[in-house]
Amino acid sequence: MSLPLANTVQMGVRGDSTPPVINSSGVNGYAPLDKITLVSGLTATDNELGNITSYISPIGDFYSGFIGSFEHDFVVRDRWGNTATATATINVEGAYYLQETPYYDDFSQGLGEHWIKENGDFDAVNGALVAIGSQPASPRWNALVEADSNAHVQAVFNLNGVTQVGGPIIRYVDSNNFYYANFNIGSGLKLVKRVGGDYFDVITTEISVPLDEDFTVGIRAYTDQLALIYNGQVVGETVDSDNLYGNKHGVLLNTTSHEIKSYWMAASDININLLSEGVMFPNGNQQPTANAGPDQSVAAGVEFTLDGTGSEDADGTIVEWRWTQTAGDTVTLNLEDPARPTATSPSRTIAQTLTFQLITVDDEGAESAPGTVNVNVAAVVLSEILKVIERLDFDLTTQGDVNAYFGRANREVMKLKPSDPTGLALDADGFMMLDSNTIEEIKVIAEGSSISSKTDSINIEGSEMLVRLGDLEASKNGSLYFSIVVFVEGDTKGVVVSSKGSSGNKPMSYVTL
(Lines give C-alpha, C1' and ligand atoms only; values in the text may rest on other atoms or scores of the structure.)
Protein backbone atom coordinates (compact mmCIF):
# COMPACT_ATOMS: atom_id res chain seq x y z
CA MET A 1 0.00 0.00 0.00
CA SER A 2 1.49 3.32 -1.02
CA LEU A 3 1.21 6.02 1.61
CA PRO A 4 0.27 9.60 0.69
CA LEU A 5 3.22 11.91 0.30
CA ALA A 6 3.44 15.51 1.48
CA ASN A 7 5.95 18.36 1.19
CA THR A 8 7.90 16.54 -1.52
CA VAL A 9 11.08 18.41 -2.40
CA GLN A 10 11.58 18.30 -6.16
CA MET A 11 14.87 20.20 -6.33
CA GLY A 12 18.01 18.17 -5.63
CA VAL A 13 20.99 19.96 -4.14
CA ARG A 14 23.42 17.61 -5.85
CA GLY A 15 22.87 15.23 -8.70
CA ASP A 16 19.50 13.53 -9.02
CA SER A 17 16.34 15.62 -8.39
CA THR A 18 13.80 12.78 -8.39
CA PRO A 19 12.22 12.48 -4.92
CA PRO A 20 12.25 9.15 -3.08
CA VAL A 21 9.11 7.21 -2.18
CA ILE A 22 7.93 5.73 1.13
CA ASN A 23 5.82 2.58 1.00
CA SER A 24 4.09 0.45 3.60
CA SER A 25 4.14 -3.33 3.47
CA GLY A 26 2.19 -4.65 6.42
CA VAL A 27 3.22 -2.21 9.12
CA ASN A 28 2.35 -4.17 12.25
CA GLY A 29 5.47 -4.57 14.31
CA TYR A 30 7.16 -2.58 17.01
CA ALA A 31 9.28 0.52 16.47
CA PRO A 32 12.25 1.65 18.60
CA LEU A 33 11.76 4.68 20.83
CA ASP A 34 13.45 7.89 19.68
CA LYS A 35 15.67 6.17 17.12
CA ILE A 36 16.42 7.38 13.61
CA THR A 37 16.59 4.02 11.83
CA LEU A 38 12.99 2.84 11.88
CA VAL A 39 12.04 -0.82 12.31
CA SER A 40 8.32 -0.85 11.58
CA GLY A 41 7.63 -2.39 8.17
CA LEU A 42 7.98 0.89 6.28
CA THR A 43 10.18 0.77 3.18
CA ALA A 44 11.65 3.54 1.04
CA THR A 45 13.06 3.49 -2.48
CA ASP A 46 15.04 5.90 -4.63
CA ASN A 47 15.30 5.71 -8.42
CA GLU A 48 19.13 5.73 -8.28
CA LEU A 49 19.96 4.39 -4.82
CA GLY A 50 17.35 1.64 -4.74
CA ASN A 51 16.30 0.58 -1.24
CA ILE A 52 16.96 3.41 1.25
CA THR A 53 14.77 2.09 4.08
CA SER A 54 17.51 2.77 6.62
CA TYR A 55 17.17 6.51 5.85
CA ILE A 56 13.57 6.64 7.14
CA SER A 57 13.15 8.81 10.22
CA PRO A 58 10.16 9.57 12.45
CA ILE A 59 9.26 13.25 12.56
CA GLY A 60 9.44 14.41 16.17
CA ASP A 61 9.55 12.12 19.20
CA PHE A 62 8.51 8.58 18.40
CA TYR A 63 7.13 6.66 21.38
CA SER A 64 5.88 3.09 21.15
CA GLY A 65 5.74 2.35 24.85
CA PHE A 66 2.18 1.05 24.77
CA ILE A 67 0.09 -1.55 22.97
CA GLY A 68 -2.38 -0.18 20.42
CA SER A 69 -2.64 1.72 17.17
CA PHE A 70 -1.51 5.27 16.48
CA GLU A 71 -0.54 7.45 13.53
CA HIS A 72 2.86 9.03 13.06
CA ASP A 73 4.61 11.04 10.35
CA PHE A 74 7.84 9.83 8.76
CA VAL A 75 10.38 11.33 6.38
CA VAL A 76 12.98 9.84 4.05
CA ARG A 77 15.89 11.89 2.72
CA ASP A 78 18.20 10.78 -0.05
CA ARG A 79 21.84 11.74 -0.42
CA TRP A 80 20.98 14.74 -2.62
CA GLY A 81 18.62 16.30 -0.09
CA ASN A 82 15.35 15.24 -1.73
CA THR A 83 12.68 14.30 0.81
CA ALA A 84 9.31 12.61 0.96
CA THR A 85 6.97 12.37 3.94
CA ALA A 86 4.14 10.01 4.79
CA THR A 87 1.73 9.20 7.60
CA ALA A 88 1.49 5.59 8.71
CA THR A 89 -0.77 3.82 11.16
CA ILE A 90 1.42 1.70 13.43
CA ASN A 91 -0.17 -1.30 15.11
CA VAL A 92 2.07 -1.88 18.10
CA GLU A 93 2.10 -5.52 19.17
CA GLY A 94 4.20 -5.01 22.30
CA ALA A 95 5.67 -2.33 24.51
CA TYR A 96 9.35 -1.87 23.69
CA TYR A 97 12.04 0.63 24.51
CA LEU A 98 15.26 0.11 22.59
CA GLN A 99 18.38 1.85 23.83
CA GLU A 100 21.73 1.13 22.22
CA THR A 101 23.65 -1.04 24.69
CA PRO A 102 27.21 0.24 25.06
CA TYR A 103 29.29 -1.90 22.71
CA TYR A 104 32.95 -2.48 23.48
CA ASP A 105 35.39 -4.29 21.20
CA ASP A 106 38.74 -5.33 22.64
CA PHE A 107 40.74 -6.43 19.60
CA SER A 108 43.00 -8.57 21.74
CA GLN A 109 40.06 -10.99 21.61
CA GLY A 110 39.94 -11.03 17.79
CA LEU A 111 37.60 -9.45 15.24
CA GLY A 112 33.87 -9.91 15.77
CA GLU A 113 31.55 -11.03 12.98
CA HIS A 114 29.62 -7.72 13.06
CA TRP A 115 32.36 -5.78 11.25
CA ILE A 116 31.61 -4.84 7.62
CA LYS A 117 34.46 -4.48 5.11
CA GLU A 118 33.38 -1.81 2.62
CA ASN A 119 36.75 -1.08 1.01
CA GLY A 120 39.89 -3.10 1.58
CA ASP A 121 40.73 -5.86 4.04
CA PHE A 122 41.47 -5.60 7.79
CA ASP A 123 41.72 -7.88 10.80
CA ALA A 124 42.64 -8.04 14.48
CA VAL A 125 46.37 -8.77 14.63
CA ASN A 126 48.47 -8.86 17.80
CA GLY A 127 45.72 -7.23 19.86
CA ALA A 128 44.88 -4.37 17.48
CA LEU A 129 42.75 -3.68 14.43
CA VAL A 130 45.03 -3.11 11.43
CA ALA A 131 44.73 -2.72 7.68
CA ILE A 132 45.83 -5.65 5.51
CA GLY A 133 47.04 -5.78 1.94
CA SER A 134 47.74 -3.07 -0.60
CA GLN A 135 46.14 0.31 -0.16
CA PRO A 136 42.75 0.62 -1.89
CA ALA A 137 41.41 3.79 -3.51
CA SER A 138 40.27 6.64 -1.29
CA PRO A 139 38.67 6.59 1.24
CA ARG A 140 40.97 3.60 1.95
CA TRP A 141 39.93 0.84 4.33
CA ASN A 142 36.42 1.25 5.86
CA ALA A 143 35.70 -0.82 8.98
CA LEU A 144 32.00 -0.41 9.77
CA VAL A 145 29.31 -1.48 12.24
CA GLU A 146 25.57 -0.96 11.70
CA ALA A 147 23.67 0.92 14.41
CA ASP A 148 21.29 3.80 15.00
CA SER A 149 22.11 7.06 13.21
CA ASN A 150 22.27 8.83 16.56
CA ALA A 151 25.41 7.39 18.12
CA HIS A 152 28.55 8.05 20.12
CA VAL A 153 31.71 6.23 18.99
CA GLN A 154 35.26 6.31 20.37
CA ALA A 155 38.39 4.35 19.59
CA VAL A 156 41.86 4.02 21.13
CA PHE A 157 44.70 4.58 18.61
CA ASN A 158 48.46 4.33 18.42
CA LEU A 159 50.15 5.92 15.39
CA ASN A 160 53.34 3.85 15.60
CA GLY A 161 55.27 6.80 14.16
CA VAL A 162 52.89 7.61 11.30
CA THR A 163 52.16 11.34 11.00
CA GLN A 164 48.70 11.25 9.40
CA VAL A 165 45.83 8.78 9.73
CA GLY A 166 42.05 8.63 9.66
CA GLY A 167 39.89 8.06 12.70
CA PRO A 168 36.34 7.10 13.70
CA ILE A 169 33.64 7.09 11.03
CA ILE A 170 30.08 8.11 11.78
CA ARG A 171 26.88 8.13 9.68
CA TYR A 172 28.41 6.26 6.78
CA VAL A 173 25.94 6.14 3.85
CA ASP A 174 28.42 5.01 1.21
CA SER A 175 32.05 5.72 0.32
CA ASN A 176 31.09 9.20 -0.93
CA ASN A 177 28.93 10.28 2.03
CA PHE A 178 30.03 10.06 5.69
CA TYR A 179 31.77 11.91 8.57
CA TYR A 180 35.16 10.92 9.95
CA ALA A 181 37.97 12.16 12.19
CA ASN A 182 41.34 12.95 10.64
CA PHE A 183 44.53 13.80 12.50
CA ASN A 184 47.75 15.13 11.10
CA ILE A 185 50.85 16.17 13.00
CA GLY A 186 50.96 19.37 10.94
CA SER A 187 47.30 20.44 10.88
CA GLY A 188 45.88 18.93 14.08
CA LEU A 189 42.70 16.98 14.75
CA LYS A 190 39.67 17.58 12.52
CA LEU A 191 36.15 16.37 11.87
CA VAL A 192 35.69 16.03 8.13
CA LYS A 193 32.61 15.28 6.06
CA ARG A 194 32.59 13.69 2.64
CA VAL A 195 29.51 14.67 0.65
CA GLY A 196 29.02 13.59 -2.94
CA GLY A 197 32.69 12.67 -3.09
CA ASP A 198 33.96 16.10 -1.92
CA TYR A 199 35.66 16.73 1.44
CA PHE A 200 34.83 19.58 3.87
CA ASP A 201 36.30 20.41 7.30
CA VAL A 202 33.43 20.91 9.77
CA ILE A 203 35.46 21.05 13.03
CA THR A 204 39.15 21.97 13.26
CA THR A 205 41.42 22.01 16.30
CA GLU A 206 45.10 22.65 16.99
CA ILE A 207 45.45 19.39 18.90
CA SER A 208 48.50 17.33 17.91
CA VAL A 209 48.33 13.66 18.72
CA PRO A 210 51.34 11.68 20.05
CA LEU A 211 53.37 9.58 17.59
CA ASP A 212 54.01 6.61 19.86
CA GLU A 213 51.43 6.70 22.69
CA ASP A 214 47.83 5.55 22.95
CA PHE A 215 45.17 8.26 22.68
CA THR A 216 41.41 8.31 22.16
CA VAL A 217 39.38 9.97 19.41
CA GLY A 218 35.61 9.97 19.18
CA ILE A 219 32.60 11.50 17.44
CA ARG A 220 29.09 11.97 18.80
CA ALA A 221 26.05 12.63 16.58
CA TYR A 222 22.49 13.49 17.56
CA THR A 223 20.14 14.72 14.80
CA ASP A 224 22.10 17.64 13.27
CA GLN A 225 24.46 18.12 16.24
CA LEU A 226 28.02 16.79 16.01
CA ALA A 227 30.85 16.76 18.55
CA LEU A 228 34.54 15.85 18.20
CA ILE A 229 36.13 14.16 21.23
CA TYR A 230 39.79 13.76 22.23
CA ASN A 231 40.83 11.70 25.26
CA GLY A 232 37.30 11.73 26.61
CA GLN A 233 36.80 15.53 26.33
CA VAL A 234 34.68 17.40 23.75
CA VAL A 235 37.07 19.62 21.77
CA GLY A 236 34.65 20.94 19.14
CA GLU A 237 30.93 21.06 18.35
CA THR A 238 28.94 22.02 15.27
CA VAL A 239 25.55 21.72 13.58
CA ASP A 240 25.41 20.10 10.15
CA SER A 241 22.45 18.64 8.26
CA ASP A 242 24.25 16.39 5.78
CA ASN A 243 24.05 12.60 6.20
CA LEU A 244 21.52 12.75 9.02
CA TYR A 245 20.38 9.17 8.59
CA GLY A 246 23.44 7.15 7.67
CA ASN A 247 23.31 4.18 10.03
CA LYS A 248 26.85 2.77 9.86
CA HIS A 249 29.79 3.75 12.05
CA GLY A 250 33.35 2.52 12.50
CA VAL A 251 36.90 3.61 11.69
CA LEU A 252 38.80 4.75 8.63
CA LEU A 253 42.16 3.04 8.17
CA ASN A 254 44.51 4.76 5.75
CA THR A 255 47.85 3.17 6.61
CA THR A 256 48.96 -0.33 7.56
CA SER A 257 51.14 1.01 10.39
CA HIS A 258 48.81 2.60 12.93
CA GLU A 259 46.78 0.44 15.30
CA ILE A 260 43.33 0.62 16.84
CA LYS A 261 43.43 -0.98 20.28
CA SER A 262 39.72 -0.88 21.10
CA TYR A 263 36.43 0.45 19.78
CA TRP A 264 33.35 1.58 21.69
CA MET A 265 29.90 2.58 20.43
CA ALA A 266 26.65 3.51 22.21
CA ALA A 267 23.66 5.80 22.05
CA SER A 268 24.50 9.47 21.58
CA ASP A 269 23.57 10.44 25.15
CA ILE A 270 25.77 7.84 26.89
CA ASN A 271 29.16 8.88 28.19
CA ILE A 272 32.22 6.75 28.93
CA ASN A 273 34.89 6.50 31.57
CA LEU A 274 38.50 6.42 30.46
CA LEU A 275 40.54 4.23 32.76
CA SER A 276 44.25 3.61 33.12
CA GLU A 277 46.55 3.28 30.11
CA GLY A 278 43.98 4.94 27.86
CA VAL A 279 41.84 1.80 27.74
CA MET A 280 38.20 2.67 27.14
CA PHE A 281 35.24 0.96 28.79
CA PRO A 282 31.51 1.66 28.87
CA ASN A 283 30.09 3.71 31.71
CA GLY A 284 30.03 1.40 34.73
CA ASN A 285 26.55 2.50 35.78
CA GLN A 286 23.79 0.84 33.80
CA GLN A 287 20.43 2.49 33.20
CA PRO A 288 17.58 1.16 35.39
CA THR A 289 14.32 -0.13 33.92
CA ALA A 290 10.81 1.03 34.76
CA ASN A 291 7.98 -1.48 35.04
CA ALA A 292 4.69 0.27 35.79
CA GLY A 293 2.84 -3.01 36.35
CA PRO A 294 0.04 -4.67 34.39
CA ASP A 295 -3.00 -2.83 33.07
CA GLN A 296 -6.00 -3.09 35.39
CA SER A 297 -9.75 -2.51 35.40
CA VAL A 298 -11.54 -0.96 38.40
CA ALA A 299 -14.96 0.32 39.35
CA ALA A 300 -15.70 4.02 39.78
CA GLY A 301 -15.01 5.60 43.13
CA VAL A 302 -12.74 2.86 44.51
CA GLU A 303 -9.12 2.86 45.63
CA PHE A 304 -6.61 1.28 43.26
CA THR A 305 -2.86 0.69 43.53
CA LEU A 306 -0.15 1.23 40.92
CA ASP A 307 2.73 -1.21 41.12
CA GLY A 308 6.25 -0.25 40.13
CA THR A 309 7.95 -2.96 42.19
CA GLY A 310 8.82 -4.88 39.03
CA SER A 311 11.33 -2.15 38.08
CA GLU A 312 14.97 -3.19 38.22
CA ASP A 313 18.50 -1.82 38.36
CA ALA A 314 21.05 -4.44 37.31
CA ASP A 315 24.02 -2.83 39.05
CA GLY A 316 22.56 -0.77 41.86
CA THR A 317 19.43 0.34 43.67
CA ILE A 318 16.38 2.25 42.54
CA VAL A 319 15.96 5.26 44.84
CA GLU A 320 13.16 7.18 43.15
CA TRP A 321 9.88 6.33 41.38
CA ARG A 322 8.52 9.26 39.35
CA TRP A 323 4.83 8.79 38.46
CA THR A 324 3.09 11.11 36.00
CA GLN A 325 -0.53 10.88 34.86
CA THR A 326 -0.77 11.36 31.10
CA ALA A 327 -4.43 10.62 30.30
CA GLY A 328 -7.88 10.62 31.92
CA ASP A 329 -9.46 12.65 34.71
CA THR A 330 -6.73 13.81 37.06
CA VAL A 331 -6.49 11.83 40.29
CA THR A 332 -4.32 12.49 43.34
CA LEU A 333 -1.67 9.85 43.99
CA ASN A 334 -0.84 8.97 47.58
CA LEU A 335 2.95 8.55 47.37
CA GLU A 336 3.55 7.34 50.91
CA ASP A 337 4.85 4.17 49.25
CA PRO A 338 6.36 5.63 46.05
CA ALA A 339 6.79 2.22 44.41
CA ARG A 340 3.10 1.38 45.03
CA PRO A 341 1.10 4.63 45.13
CA THR A 342 -2.67 4.58 45.60
CA ALA A 343 -5.48 6.74 44.25
CA THR A 344 -9.27 6.74 44.03
CA SER A 345 -10.83 6.22 40.63
CA PRO A 346 -13.04 9.06 39.37
CA SER A 347 -16.80 8.64 39.15
CA ARG A 348 -18.26 9.45 35.76
CA THR A 349 -21.26 8.20 33.81
CA ILE A 350 -18.85 7.42 30.94
CA ALA A 351 -16.09 4.80 31.22
CA GLN A 352 -12.55 6.10 30.77
CA THR A 353 -8.90 5.07 30.85
CA LEU A 354 -6.35 6.63 33.17
CA THR A 355 -2.76 6.33 31.92
CA PHE A 356 0.28 6.68 34.15
CA GLN A 357 3.97 6.91 33.20
CA LEU A 358 6.75 5.72 35.47
CA ILE A 359 10.42 6.76 35.33
CA THR A 360 12.81 5.22 37.85
CA VAL A 361 16.10 6.74 39.07
CA ASP A 362 19.00 4.69 40.42
CA ASP A 363 21.52 5.49 43.14
CA GLU A 364 23.88 7.08 40.59
CA GLY A 365 21.21 9.42 39.21
CA ALA A 366 20.58 7.52 35.96
CA GLU A 367 16.99 7.66 34.73
CA SER A 368 15.12 4.81 33.08
CA ALA A 369 13.12 4.88 29.90
CA PRO A 370 9.45 5.49 30.69
CA GLY A 371 7.09 2.62 31.46
CA THR A 372 3.31 3.02 31.21
CA VAL A 373 0.21 1.42 32.68
CA ASN A 374 -3.49 1.88 31.93
CA VAL A 375 -6.25 1.82 34.56
CA ASN A 376 -9.63 1.24 32.92
CA VAL A 377 -12.37 2.83 35.06
CA ALA A 378 -15.95 1.62 34.67
CA ALA A 379 -18.83 4.07 34.30
CA VAL A 380 -20.91 4.85 37.35
CA VAL A 381 -24.70 4.41 37.11
CA LEU A 382 -26.46 7.73 37.64
CA SER A 383 -29.06 6.31 40.04
CA GLU A 384 -26.27 4.86 42.19
CA ILE A 385 -24.43 8.15 42.76
CA LEU A 386 -27.71 9.87 43.54
CA LYS A 387 -28.55 7.23 46.13
CA VAL A 388 -25.10 7.60 47.70
CA ILE A 389 -25.26 11.39 48.01
CA GLU A 390 -28.90 11.47 49.13
CA ARG A 391 -28.40 9.04 52.01
CA LEU A 392 -25.28 10.66 53.50
CA ASP A 393 -24.59 13.56 55.82
CA PHE A 394 -21.80 15.95 54.93
CA ASP A 395 -19.58 18.03 57.18
CA LEU A 396 -18.81 21.44 55.71
CA THR A 397 -15.24 22.53 56.41
CA THR A 398 -14.05 26.12 55.97
CA GLN A 399 -10.92 28.05 56.84
CA GLY A 400 -12.60 29.68 59.84
CA ASP A 401 -15.30 32.32 59.97
CA VAL A 402 -17.28 32.59 56.75
CA ASN A 403 -17.52 36.16 55.50
CA ALA A 404 -19.30 37.70 52.56
CA TYR A 405 -18.89 41.28 51.42
CA PHE A 406 -21.47 42.23 48.80
CA GLY A 407 -19.77 42.95 45.49
CA ARG A 408 -16.30 42.10 46.80
CA ALA A 409 -13.97 39.51 45.23
CA ASN A 410 -12.87 37.65 48.35
CA ARG A 411 -13.31 33.86 48.16
CA GLU A 412 -13.98 31.36 50.92
CA VAL A 413 -12.53 27.84 50.62
CA MET A 414 -15.05 25.10 51.48
CA LYS A 415 -14.86 21.29 51.43
CA LEU A 416 -17.39 18.52 52.06
CA LYS A 417 -16.62 15.36 54.06
CA PRO A 418 -19.18 12.53 53.69
CA SER A 419 -20.26 10.45 56.68
CA ASP A 420 -19.50 7.28 54.67
CA PRO A 421 -16.84 7.11 51.91
CA THR A 422 -18.36 4.09 50.15
CA GLY A 423 -19.08 4.75 46.47
CA LEU A 424 -17.51 8.22 46.32
CA ALA A 425 -14.20 9.48 44.98
CA LEU A 426 -12.39 11.23 47.83
CA ASP A 427 -9.12 13.09 48.22
CA ALA A 428 -6.32 11.88 50.49
CA ASP A 429 -7.99 13.52 53.53
CA GLY A 430 -11.44 12.00 52.95
CA PHE A 431 -13.14 15.02 51.35
CA MET A 432 -15.44 14.46 48.36
CA MET A 433 -13.86 15.22 44.98
CA LEU A 434 -16.06 17.90 43.48
CA ASP A 435 -14.66 17.65 39.95
CA SER A 436 -15.64 13.98 39.67
CA ASN A 437 -18.37 11.79 41.23
CA THR A 438 -20.48 12.77 38.16
CA ILE A 439 -20.95 16.23 39.72
CA GLU A 440 -21.63 18.77 36.98
CA GLU A 441 -22.78 21.80 39.03
CA ILE A 442 -22.70 23.16 42.60
CA LYS A 443 -24.90 26.00 43.84
CA VAL A 444 -24.77 28.09 47.00
CA ILE A 445 -28.19 29.53 47.96
CA ALA A 446 -29.16 32.17 50.54
CA GLU A 447 -32.46 34.09 50.84
CA GLY A 448 -33.53 33.01 47.35
CA SER A 449 -30.33 34.25 45.75
CA SER A 450 -27.85 31.70 44.32
CA ILE A 451 -24.43 31.46 42.73
CA SER A 452 -23.17 28.56 40.58
CA SER A 453 -19.97 26.70 39.70
CA LYS A 454 -20.95 27.19 36.07
CA THR A 455 -19.98 30.84 36.53
CA ASP A 456 -16.88 32.48 37.97
CA SER A 457 -18.64 32.87 41.31
CA ILE A 458 -17.58 29.34 42.31
CA ASN A 459 -14.34 27.72 41.17
CA ILE A 460 -13.80 23.98 41.68
CA GLU A 461 -10.30 22.61 42.30
CA GLY A 462 -10.38 18.92 43.23
CA SER A 463 -12.16 18.72 46.58
CA GLU A 464 -12.22 22.49 47.14
CA MET A 465 -14.93 25.04 46.36
CA LEU A 466 -13.52 28.55 46.06
CA VAL A 467 -16.70 30.55 46.64
CA ARG A 468 -17.16 34.27 46.09
CA LEU A 469 -20.03 34.66 48.56
CA GLY A 470 -20.24 38.40 47.95
CA ASP A 471 -21.94 37.61 44.63
CA LEU A 472 -25.07 36.57 46.55
CA GLU A 473 -27.69 39.29 46.59
CA ALA A 474 -28.83 39.18 50.20
CA SER A 475 -30.83 42.01 51.75
CA LYS A 476 -29.32 42.41 55.19
CA ASN A 477 -26.16 42.76 57.19
CA GLY A 478 -25.32 40.26 59.90
CA SER A 479 -25.65 36.50 60.21
CA LEU A 480 -27.00 34.64 57.22
CA TYR A 481 -27.32 30.88 56.64
CA PHE A 482 -26.73 29.34 53.25
CA SER A 483 -27.29 25.95 51.57
CA ILE A 484 -25.03 23.97 49.24
CA VAL A 485 -26.81 22.04 46.47
CA VAL A 486 -25.04 19.44 44.30
CA PHE A 487 -26.27 18.44 40.84
CA VAL A 488 -25.02 15.19 39.31
CA GLU A 489 -25.10 14.37 35.60
CA GLY A 490 -28.64 14.02 34.30
CA ASP A 491 -30.31 15.23 37.51
CA THR A 492 -32.04 18.63 37.38
CA LYS A 493 -33.46 18.68 40.91
CA GLY A 494 -30.22 18.70 42.90
CA VAL A 495 -29.37 17.33 46.31
CA VAL A 496 -28.90 19.61 49.33
CA VAL A 497 -25.71 18.35 50.98
CA SER A 498 -25.22 21.14 53.53
CA SER A 499 -27.78 23.62 54.91
CA LYS A 500 -28.90 25.40 58.08
CA GLY A 501 -28.61 22.97 60.94
CA SER A 502 -26.20 20.65 59.12
CA SER A 503 -23.05 19.74 60.98
CA GLY A 504 -20.30 22.27 60.40
CA ASN A 505 -22.46 24.85 58.59
CA LYS A 506 -21.91 28.07 60.46
CA PRO A 507 -23.79 31.21 59.48
CA MET A 508 -21.80 33.63 57.41
CA SER A 509 -21.24 37.22 58.37
CA TYR A 510 -22.84 39.13 55.48
CA VAL A 511 -22.00 42.80 54.97
CA THR A 512 -23.69 45.07 52.46
CA LEU A 513 -21.29 47.89 51.59
Side-chain angles (χ1 to χ4, degrees), residues 300-301 328-332 344 346-350 380 382 385-386 388-390 392-419 421 423-513:
D329 285 348
T330 302
V331 299
T332 301
T344 300
S347 296
R348 295 284 187 189
T349 54
I350 300 175
V380 68
L382 176 60
I385 202 73
L386 275 175
V388 170
I389 293 177
E390 286 180 330
L392 297 179
D393 294 326
F394 289 83
D395 286 335
L396 178 66
T397 299
T398 66
Q399 292 180 315
D401 293 335
V402 181
N403 300 303
Y405 302 94
F406 180 72
R408 298 288 291 275
N410 66 295
R411 292 185 186 271
E412 293 288 344
V413 179
M414 304 178 183
K415 299 195 291 186
L416 296 165
K417 178 170 285 189
S419 56
L424 292 177
L426 308 177
D427 68 9
D429 297 317
F431 291 96
M432 182 168 68
M433 296 296 290
L434 303 174
D435 55 0
S436 59
N437 290 302
T438 75
I439 296 172
E440 62 177 18
E441 183 181 12
I442 297 174
K443 285 186 177 180
V444 174
I445 302 172
E447 287 195 344
S449 173
S450 68
I451 54 179
S452 169
S453 62
K454 289 188 174 181
T455 70
D456 188 49
S457 294
I458 302 176
N459 294 335
I460 303 299
E461 295 181 1
S463 61
E464 295 183 342
M465 288 179 284
L466 285 72
V467 185
R468 197 163 59 198
L469 289 167
D471 289 357
L472 289 166
E473 296 181 359
S475 60
K476 64 178 182 179
N477 294 329
S479 297
L480 186 68
Y481 278 96
F482 58 94
S483 298
I484 298 175
V485 182
V486 172
F487 296 83
V488 300
E489 292 178 5
D491 174 48
T492 59
K493 296 181 179 180
V495 178
V496 178
V497 296
S498 183
S499 62
K500 182 177 180 179
S502 297
S503 173
N505 190 346
K506 300 177 182 179
M508 62 180 167
S509 176
Y510 193 90
V511 179
T512 303
L513 300 177

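In this structure, the separation between CG on N459 and CG on D435 is 12.0 Å, given to the nearest 0.5 Å. Here CG of L386 is found 5.0 Å from CG of D491. Values are rounded to the nearest 0.5 Å. Atom CE of residue M414 and atom CG of residue L434 lie 12.0 Å apart, to the nearest 0.5 angstrom. Interatomic distance, N410 CG to L466 CG, rounded to the nearest 0.5 Å: 11.5 Å. In this structure, OG1 on T398 lies 10.5 Å from CE on M465, to the nearest 0.5 angstrom. Atom CG of L416 sits about 8.0 Å away from atom OG1 of T397, to the nearest 0.5 Å.
In this structure, the side chains of D329 and M433 stay at 4.5 Å or more apart for every pair of heavy atoms. F394 has its side chain out of reach of V495: every pair of non-hydrogen atoms, C-beta onward, lies at least 4.5 Å apart. In this structure, N437 and V486 have side chains that are not in contact, with every pair of non-hydrogen atoms separated by 4.5 Å or more. Put simply, the side chain of T344 does not reach to within 4.5 Å of the side chain of V331, judged on heavy atoms.
Shown here are the side-chain contact (heavy atoms from CB on, under 4.5 Å) partners of P421, two or more places apart in sequence or in another chain: L426. Partners of D393 under the side-chain hydrogen bond (donor to acceptor under 3.5 Å, both in side chains) rule, at least two apart in sequence or in another chain, do not exist in this structure. S463 is linked by a side-chain hydrogen bond (donor to acceptor under 3.5 Å, both in side chains) to D427, counting only residues two or more places apart in sequence or in another chain. Partners of D471 according to the salt bridge (Lys or Arg N to Asp or Glu O under 4.0 Å) rule, which considers only residues two or more places apart in sequence or in another chain, are R468. Shown here are the side-chain contact (heavy atoms from CB on, under 4.5 Å) partners of E447, two or more places apart in sequence or in another chain: A474, S475, K476, L480.
Of all heavy-atom pairs between L472 and S449, the closest is CD2-O, 3.4 Å. Scanning all heavy atoms of the two residues, the minimum distance from A425 to P346 falls at CB-CA, 4.4 Å.
For residues 409-419, the salt bridge (charged side-chain N to carboxylate O under 4.0 Å, His left out) pairs, not counting sequence neighbours, are R411-D456.
Of the possible polar contacts, one joining the S453 side chain to the I442 backbone as a donor-acceptor pair under 3.5 Å is found.
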